[in-house]
Amino acid sequence: MPEGHSIHRLARQFTSVFTGETLKASSPQGRFLEGAGRIDGSVLTGARAHGKQLFLEFDNDLVMRVHLGLYGAWSFGGDSRFRGASSIGAPRRVGERETPNDDDGGSSYGGPPAPVGAVRVRLVSKHGWADLRGPTACEIITQAERDAIIAKLGPDPLNPDSDPARFVARVRRTRTAVGLSLMNQAVIAGVGNVYRAEVLFRRRVHPWLPGVALGEVTALALWEDLVLLMNDGVRAGRIVTTTPQHRSPGSGSSSAVPAEDAHYVYKRTGLECRICGTPVAMAEMGARKLYWCPYCQAD
DNA sequence: CGGTTATGTATAG
DNA sequence: TATACCTAACCGC
């Protein structure tokens with residue numbers, strides 16, 4: 001999936017290319033005909049993200065809520081305003097970055113192409129288009145319903161208004177393993193399986209440590225590191241958690257780091273830890289694969 | 001071409 | 001805990 005950084009990139013993309021535009025909405029796949037009809041012809045007034053939830057807001061006071069789930073993705077195309085990422089969502093390879101727009105970048109735009117694959121929703125302005133495939137959730141809701149959904153989520157490290165103390169108190173109140181709480185969107189919103197494994201490694205926290213045994217300083221350090229990592233993810237369009245001294249020489253900005261150098265432990269089972277050389281371990285936690293270094297993250 | 005896999009979550013039992 | 005959801009890339013045959 002798309003962890004929180006991808007959803008915030010989408011909010012930014014929709015804000016920059018579609019806000020203020022009248023949108024034609026359709027469902028080529030046919031599974032969102034009614035919902036598309038309720039926003040068809042409306043003006044997008046804004047887009048925002050909280051955790052992995054994307055909210056597109058329209059001038060008829062309706063809100064389109066999208067959750068990409070495990071394999072949802074948006075693709076974009078259009079005139080020169082649409083230059084940049086043409087696809088944001090489910091990555092298909094480790095360390096993958098978003099696919100660049102291979103359009104010629106000219107100002108010509110003759111309308112969207114024939115839909116390819118199962119397009120749940122297609123939004124079209126006079127400048128470009130957006131296609132949504134494979135979301136786990138896509139629905140039209142009211143602003144009150146949107147507020148209720150956000151209220152149930154924990155603080156989002158990518159939201160500057162988030163209160164770190166809420167996360168610190170919540171994670172330390174329960175005996176639940178820290179590795180599980182990081183995946184609980186009611187505890188902290190936007191963290192997924194990659195950021196979970198990587199931030200625990202970077203802060204040298206044993207994944208099975210009960211929350212009550214996590215020090216306040218360490219809990220805050222997890223939060224602060226996620227703020228750093230996820231904001232970098234928003235900038236780069238991919239998850240890179242390694243620092244330059246732990247990568248092969250020569251790679252510059254995080255967007256240029258080779259995929260095999262992007263992570264410390266995620267999907268590196270059996271490979272040597274970049275710090276100590278111990279083979280990286282893997283186990284199931286919360287029905288997801290968890291990766292960690294048994295030496296650097298000893299309990 | 002079929003089986004596997006995935007950065008996720010809801011629901012059933 | 002298990003399964004369903006439902007999409008596309010990758011891998012081995």
Side-chain angles (χ1 to χ4, degrees), chain A residues 1-10 27-32 49-54 65-75 85-99 115-122 130-139 141 148-150 152-154 156-158 176-177 179-202 207 226 229-234 236-242 254 257 259-260 262-269 282-292:
Chain A
M1 154 205 158
E3 301 196 24
H5 69 298
S6 298
I7 314 308
H8 281 260
R9 278 178 72 81
L10 283 166
S27 178
Q29 175 201 51
R31 292 188 53 191
F32 193 62
H50 191 101
K52 301 167 190 171
Q53 307 276 344
L54 175 67
R65 177 181 82 93
V66 174
H67 192 299
L68 294 178
L70 190 51
Y71 29 63
W74 286 92
S75 52
S86 70
S87 177
I88 301 177
R92 305 297 180 190
R93 294 185 304 275
V94 174
E96 179 183 27
R97 69 166 309 171
E98 296 159 10
T99 57
V116 176
V119 178
R120 183 80 57 89
V121 180
R122 166 169 281 186
D131 282 352
L132 171 64
R133 292 181 177 79
T136 206
C138 175
E139 62 177 349
I141 61 176
I149 287 167
I150 293 176
K152 286 179 188 160
L153 294 168
D156 180 348
L158 287 173
T176 302
L180 271 180
S181 285
L182 285 177
M183 295 287 278
N184 182 346
Q185 302 299 299
V187 174
I188 183 169
V191 175
N193 207 20
V194 179
Y195 282 126
R196 158 176 82 164
E198 295 295 305
V199 77
L200 287 171
F201 176 87
R202 284 169 52 105
L226 284 166
L229 290 175
M230 294 175 77
N231 274 292
D232 192 56
V234 172
R238 61 189 295 226
I239 301 177
V240 174
T241 60
T242 51
S254 57
V257 173
E260 61 270 23
H263 309 137
Y264 283 104
V265 290
Y266 179 75
K267 270 206 170 171
R268 296 192 72 243
T269 308
M282 188 275 285
E284 297 271 332
M285 179 190 263
R288 306 299 299 280
K289 288 181 177 175
L290 169 73
Y291 307 84
W292 82 104

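Just so you know, these numbers use all the heavy atoms, side chains as well, and skip hydrogens, waters and symmetry mates. Residue numbering restarts at 1 for every chain, and letters A, B, ... go by the order of the sequence lines.
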Separation of atom [atom1] in [X] from atom [atom2] in [N], rounded to whole Å:
| X | N | atom1 | atom2 | answer |
| --- | --- | --- | --- | --- |
| A/L68 | C/dC5 | CG | C1' | 14 Å |
| A/Y291 | B/dT5 | OH | C1' | 10 Å |
| A/M282 | B/dT5 | CE | P | 10 Å |
| A/L182 | B/dT9 | CG | P | 13 Å |
| A/Y71 | C/dA4 | OH | P | 12 Å |
| A/L54 | B/dG8 | CG | C1' | 15 Å |
| A/R196 | B/dG8 | CZ | P | 9 Å |
| A/R268 | B/dA6 | CZ | P | 16 Å |

Hey, does the side chain of [X] come within less than 4.0 Å of [N]'s phosphate (OP1/OP2), counting only N and O?
| X | N | answer |
| --- | --- | --- |
| A/K289 | B/dT5 | no |
| A/Q29 | C/dT7 | yes |
| A/H67 | B/dG8 | no |
| A/R133 | C/dC6 | no |
| A/R31 | C/dC6 | yes |

Exercise for the section: Could you work out the separation of B/dC1 and C/dC6 based on their P atoms and round it to a whole Å? Expected result: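 B/dC1 and C/dC6 have their P atoms separated by 24 Å.
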
Problem - C/dA9 and B/dT9, which share atom name P, separated by this distance in whole Å - result: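 Those two atoms are separated by 22 Å.
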
Problem - Backbone N/O of A/V191 and side chain of A/K52: donor-acceptor pair under 3.5 Å - result: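 Flag set: sc A/K52 to bb A/V191 pair under 3.5 Å.
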
Exercise for the section: Quickly, which of A/T136, A/L132, A/L54 forms a side-chain contact (heavy atoms from CB on, under 4.5 Å) with A/L68? Name it, please. Expected result: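 Among A/T136, A/L132, A/L54, the one meeting side-chain contact (heavy atoms from CB on, under 4.5 Å) with A/L68 is A/L132.
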
Problem - is_close_aromatic(A/Y291, A/H263), centroid dist under 6.0 Å - result: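 Centroid distance A/Y291-A/H263: not below 6.0 Å, so no.
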
Exercise for the section: Calculate, to the nearest 0.5 Å, the distance between atoms CD and CD1 belonging to A/E3 and A/I239 respectively. Expected result: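 Answer for the CD-CD1 pair, A/E3 versus A/I239, is 4.0 Å.
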
Handout entry: Closest contact, heavy atoms only, A/A177 versus A/M285
Key =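 That would be CB-CE, 4.0 Å.
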
Practice task
Taking only the side-chain heavy atoms of A/R120 (C-beta and beyond), determine which of B/dG8, C/dC6, B/dA6 contains the nearest atom.
Solution key: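 Shortest atom-to-atom distance from the side chain points to C/dC6.
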
